[in-house]
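Indexing begins at 1, ligand by ligand and atom by atom, following the structure's order. Here the structure is a predicted model, which is why all the values come from computation and not from measurement.
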Amino acid sequence: MTQPSQFTQRHLLGIQGLAPQEISALLDLSDQYVDKNRSADRKMNSLRGKTVINLFFENSTRTRTSFELAGKRLGADVINMQASASSVAKGETLIDTAMTLNAMHIDVLVVRHPDSGAVQLLSEKVNCAVINGGDGAHEHPTQALLDALTIRRRKGHLDGLMVAICGDVLHSRVARSNIHLLNTMGAQVRVVAPRTLLPAQADRLGVEVFHDMRQGLVGVDIVMMLRVQHERMRGNFIPSIREYFHFFGLDYEKLALAKPDALIMHPGPMNRGVEIDSDLADDVERSVIREQVEMGVAVRMACLDVLTANLARNKI
Ligand code: NCD
């Protein structure tokens, strides 16, 4: 694979602050991995002898599995650690856990943590490369990259597109990383949500805010739905699921207001019938939700590839 020279970061902690050429470099490399993954000869050994640890303090299906698959496709040794089954459950601190893993000479640590900023803190204490697999409601950079790859492959470009990000923006690291990425790459972003599910001063994020989904969807190229994150809610943020679906759930009728070729996206896991109509989610004419999952493996291969190469370069 052709290694991009534009991405020289040691860690991937977030999208905020990345330059357009850094994002493009990662997407270009990911594109090559999509093709490779579709071929019969998809097992490589470029990361042979390298160790990747997935350290997850929160549940995950897609992110953890695709990092595991990505590492294994590249020939790395991959270890999955579920915090509930580790010494964290015995009271070991995040930093002590990281230092312990660091002492084992690992190359990449992929971390998911419920607190915003925890992954950054940890990256300051270790010698390996750190990838943020989602920290609280802050960032989820590889999700934004895989979303961008999905859009770019379908639409040919990101600049000039109108993207509506809809639903529980308040609790969503996916929304934050996507807003940074899409703004950096010249797309226009709308957020569509009830007032209770928007962060204070959402307009400062460089987006147009809509509280009426029908207005927010008019003329958009991409409809990105977000899961209602019940587990992060303390108290009542929505009156009832039925009412939420009525006003903010994506169905064929609301989708008709978007461009005729608008794509539907969702990072998963989906609450069918809450934020998205079940048939629409499975409608391959409109929904690229499964493609997003496919892109996730390629993006994570690109990230592991680039970060291990940067680490080796810095050690010389
Ligand atoms: C997202 C996450 O964990 O932030 N899921 C994912 O990584 N695909 C979104 C969510 O949990 O709703």
Side-chain donor/acceptor pairs under 3.5 Å, residues 8-19, sequence neighbours excluded:
unit_1: Gln9; atom_1: NE2; unit_2: Glu22; atom_2: OE2; d: 2.9
unit_1: Arg10; atom_1: NH2; unit_2: Val126; atom_2: O; d: 3.0
unit_1: Arg10; atom_1: NH2; unit_2: Asn127; atom_2: O; d: 2.8
unit_1: Arg10; atom_1: NH2; unit_2: Cys128; atom_2: O; d: 3.3
unit_1: His11; atom_1: ND1; unit_2: Val130; atom_2: N; d: 2.9

Indicate every side-chain donor-acceptor pair of residues 184-194 with a distance under 3.5 Å to a residue at least two apart or in another chain.
unit_1: Thr184; atom_1: OG1; unit_2: His180; atom_2: O; d: 2.6
unit_1: Arg190; atom_1: NH1; unit_2: Gly216; atom_2: O; d: 2.7
unit_1: Arg190; atom_1: NH1; unit_2: Val218; atom_2: O; d: 2.9

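Taking the charged nitrogens against the carboxylate oxygens, Glu291 and Arg153 have no contact shorter than 4.0 Å, which rules out a salt bridge. A salt bridge links Glu68 with Lys72; the closest basic N to acidic carboxylate O contact falls under 4.0 Å.
Counting only residues at least two apart or in different chains, salt bridge (charged side-chain N to carboxylate O under 4.0 Å, His left out) contacts with residues 254-273 comprise Lys155-Asp261, Asp221-Lys259, Asp251-Lys254, Arg272-Asp282.
If you check the side chains of Glu139 and Ser177, you find a donor sitting under 3.5 Å from an acceptor.
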Ligand 1 polar-atom proximity to protein (N/O, under 3.5 Å):
unit_1: ligand 1; atom_1: 3 (O); unit_2: Arg112; atom_2: NH1; d: 3.3
unit_1: ligand 1; atom_1: 3 (O); unit_2: Arg112; atom_2: NH2; d: 3.2
unit_1: ligand 1; atom_1: 3 (O); unit_2: Arg173; atom_2: NH2; d: 2.9
unit_1: ligand 1; atom_1: 4 (O); unit_2: Arg173; atom_2: NE; d: 2.7
unit_1: ligand 1; atom_1: 4 (O); unit_2: Arg173; atom_2: NH2; d: 3.4
unit_1: ligand 1; atom_1: 5 (N); unit_2: Gly268; atom_2: O; d: 3.0
unit_1: ligand 1; atom_1: 7 (O); unit_2: Thr63; atom_2: OG1; d: 3.0
unit_1: ligand 1; atom_1: 7 (O); unit_2: Arg112; atom_2: NH2; d: 3.0
unit_1: ligand 1; atom_1: 7 (O); unit_2: His140; atom_2: NE2; d: 2.7
unit_1: ligand 1; atom_1: 8 (N); unit_2: Gln143; atom_2: OE1; d: 3.4
unit_1: ligand 1; atom_1: 8 (N); unit_2: Pro267; atom_2: O; d: 3.0
unit_1: ligand 1; atom_1: 8 (N); unit_2: Gly268; atom_2: O; d: 3.2
unit_1: ligand 1; atom_1: 11 (O); unit_2: Arg227; atom_2: NE; d: 3.3
unit_1: ligand 1; atom_1: 11 (O); unit_2: Arg227; atom_2: NH2; d: 2.9
unit_1: ligand 1; atom_1: 12 (O); unit_2: Arg227; atom_2: NE; d: 2.7
unit_1: ligand 1; atom_1: 12 (O); unit_2: Arg227; atom_2: NH2; d: 3.4

